[in-house]
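Written out below as structure tokens is the structure these notes cover.
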Amino acid sequence: MKRFLLIMIVTLAVLFVSSPVYSADAVKIGMVTTLSTKAGYLGEDIRDGFKLAINQSSGKLGGVSVELLVDDDTRKPGKGKQIADRFIKRDGVKIMTGIVFSNVAMAVVPKVVRDGVIYVSPNAGPSALAGKQCHKNYFNTAWQNDNLHEATGSYVNEAGYENVYILAPNYPAGKDALAGFKRFYKGNIAGEVYTKLGQSDYAAELAALRAAKPDAVFFFLPGGMGINFIKQYAQAGLNKSIPLTGPAFSFDERLLGAVGEAAVGVINGSQWSADLDNPANKQFVAAFRKAYGRTPTLYASQGYDTALAIGAALKAVNGDISDMDAFRSALKKAEFASVRGNFKFGSNQHPVQDIYVRKVVKGADGKYTNVIHKKAFTNHVDAYASQCKY
Amino acid sequence: MLLFIEQLFNGLQLGVMLFLMSAGLTLVFGIMRVINLAHGSLYMMGAYIAATVVQHSGSFILALLTALAATALLGMLIEVIVLRRLYKRDHLDQVLATFGLILFFNELTRIVWGRQPLFMDVPGWLSETIEIIPGAPYPSYRLAIISVGILAAVFLYLMFTRTRLGMKIRAGAANREMVAALGVNITLLNTLIFGLGALLAALAGAMAGPILAVESGMGESILILTFVVIVIGGIGSIRGAFIGAILVGIVETLGKFALPLLLRLMLPPASADGTGASLASMSVYILMAAVLIWRPRGLFPAHD
Amino acid sequence: MMSNTLLKVRQLQKSFGAVEACCNINLEINKGEIHALIGPNGAGKTTLIQQLAGQMLPDSGSIEFDGQDITRLPAHKRALLGLARSFQITSIFGQMSAEENIALAVQAHMGHSFRFWRPANKNKKLQPTIETALEKCGLLERRHIVADNLSHGEKRQLEAGMALAVTPKLLMLDEPMAGMGPGSAVKMTELIQSIKGNTSILLVEHDMHAVFNLADRITVLVYGKPIATGTPEEISHNQDVRSAYLGEGDN
Amino acid sequence: MRFIKNRRTLITGASFLFFLLLPLIASALGDAYLVTLFTRILIYALAAVSLDLILGYGGMNSLGHTAFFGTGAYVVGILAFHIQEETLFLSWPIELSGSSNAILVWLLAVLFSAFMSGLIGALSLRTTGIQFIMITLAFAQMLYYLFVSLEAYGGDDGISLWARNKLPIFDTADDTSFYYLCLGFLVIFVFLSYRLVHSHFGRVIRGAKQNLQRMQSLGFPIYRYQLVCFIIAGAGAGLAGALMANQSEFVSPGLLHWTHSGEMMIMVLLGGMGTLIGPILGATALLLLEEFLSVYTEHWMAFLGPFLIIVVLFAKRGLYGLLTGKEVNDE
């Protein structure tokens, strides 16, 4: 009994002291991201991309020492909020980043930016935060959620498809995806289907799809749902007759390994691709491969760019973030060599950037990857920028 | 009409999958009176092992056999190490310990296989489609799943009605004390039944591998549907599990297909689709509630 | 006809699959008598009691208790009519004290127990009844002991005490002396003797000595069928019983 | 006997004192996060105590308790949503707007959770044992999908609240005040539960846990008692959910996910089932453990899983049992 009490006391003591000690002058950056659950690899890539940028300049960003605090939100909004609370209240973090999923972002971001923290999103870009609920302390270095769907829609439209079947999970990001697609696709909708979130078997939807006889399919099914869908699509023999299109989310290099042959030839919209021809990207892809032994995904590129953007702003204020206004305007003007080529923040502090459609191919090394197929947009501005008033 | 028949096949395919899952679980419930939440983890492990073997050997059959054997062993190991200690305990302890197993196995796959889902291809000789009914090509792999499921059901039926071991198990499910009276080594029998349940779960998992993403946590969604099946079918009854599984499979599949269509007659398309999808995701639970009101012990309770 | 009969069972049938557990049982229990039910293992005694208590419903036939048809009445309502039972396997509330066990039995008959606030053990109204029952079953000094810690015999006494606490019209005792040492068995016999009169008792028991001492009438059940009913005297001389049961079992 | 009684009082008193002084400790350590963390702990403790009423006292092994927790949270979320959007909650048959009045909203949360638990309980209690576990689980999942599909209220994304519900005089926006508010609710609920389990009603419920069949043969219509107990527990969980929605200023269907029910069960068992202090200790221990492990390793669940199994197998009586050193029997 006494021993047990002792253990409890020690545990508590360790807990209290467990907030790690960091060097006093380093700027703390809090990263709330998803590392566990089946979507954990997304956060892992964002974190690894971000860390790569720090490691390349030996623990510094923009010449300023930084400490990266990472914690796993387990894809739960409540947990994300709790970690953000801890970063702010215990660690005194002023700059945060890392959130993968829009629902976590919607729970965490509005509160932290109100509390005076600068949040730079390396992935999630829900429409509310780009439009009505935008905030001067909120930046996004990835995209507004609709962008990649819009690019795919634009491509499908230009490629001359006239009867497209579209499907997405029955949740807000799914609705946004189909809305984004339809913003640029002008033809007929052969069918619009919302599936159960987390659904694994699409046999029923595929049967209905076949019966609708579309000339192309657009789908947004992130993570494992997408893998299941693509595999089952190929098994139903549909990939031979009806081309499949979608946003990049189901076609990153790590998912492609799980989908395999079934994905070859699929057109997908993305702001980045490993074969993008610019020096920054070549350097990044090579360095990432060397450091982690795998090809980076777009998430890794976003993590890397986010680190560079923060670095540029830190450099401009000489690592002094006591004046948040100065840091904020430095970030807004941040100039850095983005791995995706052109990059600047628009009026709502979301990227103004080129967006491409990529095609899935089998690489020379036998692994599946994407190559740029066509540029869909140049200096694209998201649809919500005009709604944003500070 | 063509579409309807095709959807029936899809429902049947989900149904036999659920049957493979619930047959083992319902026996474990019935005989050992143990609630095992980690049954989904065995399904997941089956899929992971099969996917790994396919990647290294390229042979689907070999992968299937390895997954069955390895998972059955794993199941027996779990029984010996953890579950055996829980038979006499409260159901609550069983829930928590097996919940702990779920957490452990989910994290284990992440540590061993990494975070991204694993790839498992359909074997070449099953990758084509077959026109079961003219005009509706159907993936031959899904037909293979249906056949395997039905074969398993027939096998179980013969085993329980024709073999001594099977009859003992069935007697045990109906009346636990009876098995002791028959002079059976209960400890061994329990381990074997658990192994059989694990084997069936692995069969479901390995067969699902080529259609679904093999990923951490894949067992939980099917686990809950399995529970619904068992509640509907009645605990401890293989026949109940079969009928319940097919029923749930068909309701789940047809609901997704038919409910939005039905609602479109009354509502504008956008809200009809949304409401239909929501109702469809709740339909099996509504079915379960209805069965419960009618027969609280399920359709075919094995014992009273 | 305002008869002397308390319980009247007519043509009771119950089968499990192919096995008939009760075939065509007719049974009458008079007010104030101790009626013993005997028979070899598997004769269907427990099944019969379960049907009388309402834990199991018969396939056909009728049960009439105190002039009222209770064939389909749920168990808890039968209990409130004055039909109490004790279980073959000791069935008390192991984690409660002896007193609380009795208190529960008393509580059951005082109307509803939807009283959420006042501490139950301070209720003055129940206390006298509880104490009388404790005294009757001989556990007054052991009242605060947690039931699981009582000896086997004491548990049996407690069990009977719970049934008695509410002065039931009919008390069904299912093998009250099973597993008891000789001393406790004597105590139990005295206990049963003492309650005879106000309460009718249906006694299922293997201890033939006790049965023949206590019972006013005996019914012999074999393979779910009553083969004879009568006074101990009659039963001990009945040829059918001797050959079917006593002849084999009690030599 | 007397010593044990004292030790129990000691533990109860010490825990209470610790919770009472925590904001002071936090400010002494300069760690404002501790207050937030322990507010969560208090809220989960409240949910765990309510779960223990059915689990530990009533023997109803519900794996769907989070359904009522989530329902309570959603009442707060939905009413706040209508204030934020300036829309009506109901336009027919009567016009109802949203609300941020804490007294009204929390009362509604409790009532509505009680209503839901009445509905689910009425169906689930027709069964016992394993079926009961599975059915409560399945109903919770059904509600989970219902909230996922409530598109108007953010679906899977949930609802982000702009502010906490307001009380007259009391400043709920202040973290320390809110902490004490939660502590107050917990103390009141534990006190009510204490009276409940020692009342006539409580005795019936405890009897039903130990021997259901016997209770029936004694003449108790036990279904009714169990249902009422289930509803009371659901109401408690609803209150906890309403507080949680206020604490995190966010609600989402994730609150109704079945693993969340599992976590609440763990709290009860870890702390000591069938006691009122145990679940509080359990909630504290589990949340601290999670907090602690996740800082040190990404794979913390690989440790939590086996830890749980060990607790179940070897530490049946939970923390409270270990601390009091006697068979837990909350007499």
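Keep in mind the model is a prediction, meaning the values are calculated, not measured. Naming convention: chains lettered A, B, ... in sequence-line order (proteins, then strands); numbering from 1 in each chain.
A donor-acceptor contact shorter than 3.5 Å links the side chain of D:Gln210 to the backbone of C:Gln95.
Looking at C:Ala105, the atoms closer than 4.5 Å to chain D (heavy atoms on both sides) sit in the backbone and in the side chain alike. Using a 4.5 Å cut-off between heavy atoms, C:Ala103 contacts chain D through both its backbone and its side chain. Proximity to chain C is absent for every atom of D:Tyr223, based on heavy atoms less than 4.5 angstrom apart. In this structure, chain C has a heavy atom under 4.5 Å from the side chain of D:Val228, while its backbone stays farther away.
The closest side-chain heavy-atom distance from C:Leu126 to D:His200 is below 4.5 Å. The shortest distance between side-chain heavy atoms of C:His76 and D:Ile222 does not fall below 4.5 Å. The closest side-chain heavy-atom distance from C:Gln107 to D:Phe220 is below 4.5 Å.
Shortest non-hydrogen contact noted between C:Leu104 and D:Gly207 is CD1-CA, 4.1 Å.
Of the listed residues (C:Ala79, C:Ala53, C:Gly54), the greatest number of heavy-atom pairs within a distance under 4.5 Å of chain D belongs to C:Ala79.
Within a 6.0 Å sphere centred on CZ of D:Phe112, other residues, nucleotides and ligands contribute 12 heavy atoms or fewer.
Here the CD-CD distance, from C:Gln50 to D:Gln213, works out to 6.5 Å after rounding to the nearest 0.5 Å. Rounded to the nearest 0.5 angstrom, D:Arg203 CZ and C:Glu100 CD are separated by 4.5 Å. Rounded to the nearest 0.5 Å, atoms CE (D:Met215) and CZ (C:Phe93) are 5.0 Å apart.
Sorted by first then second residue, the salt bridge (Lys or Arg N to Asp or Glu O under 4.0 Å) pairs that include residues 49-63 of chain C, not counting sequence neighbours, are C:Lys14-C:Asp59. Listed by first then second residue, pairs satisfying side-chain hydrogen bond (donor to acceptor under 3.5 Å, both in side chains) with a partner in residues 131-145 of chain C read C:Glu99-C:Arg143, C:Glu131-C:Arg143, C:Arg142-C:Glu154, not counting sequence neighbours.
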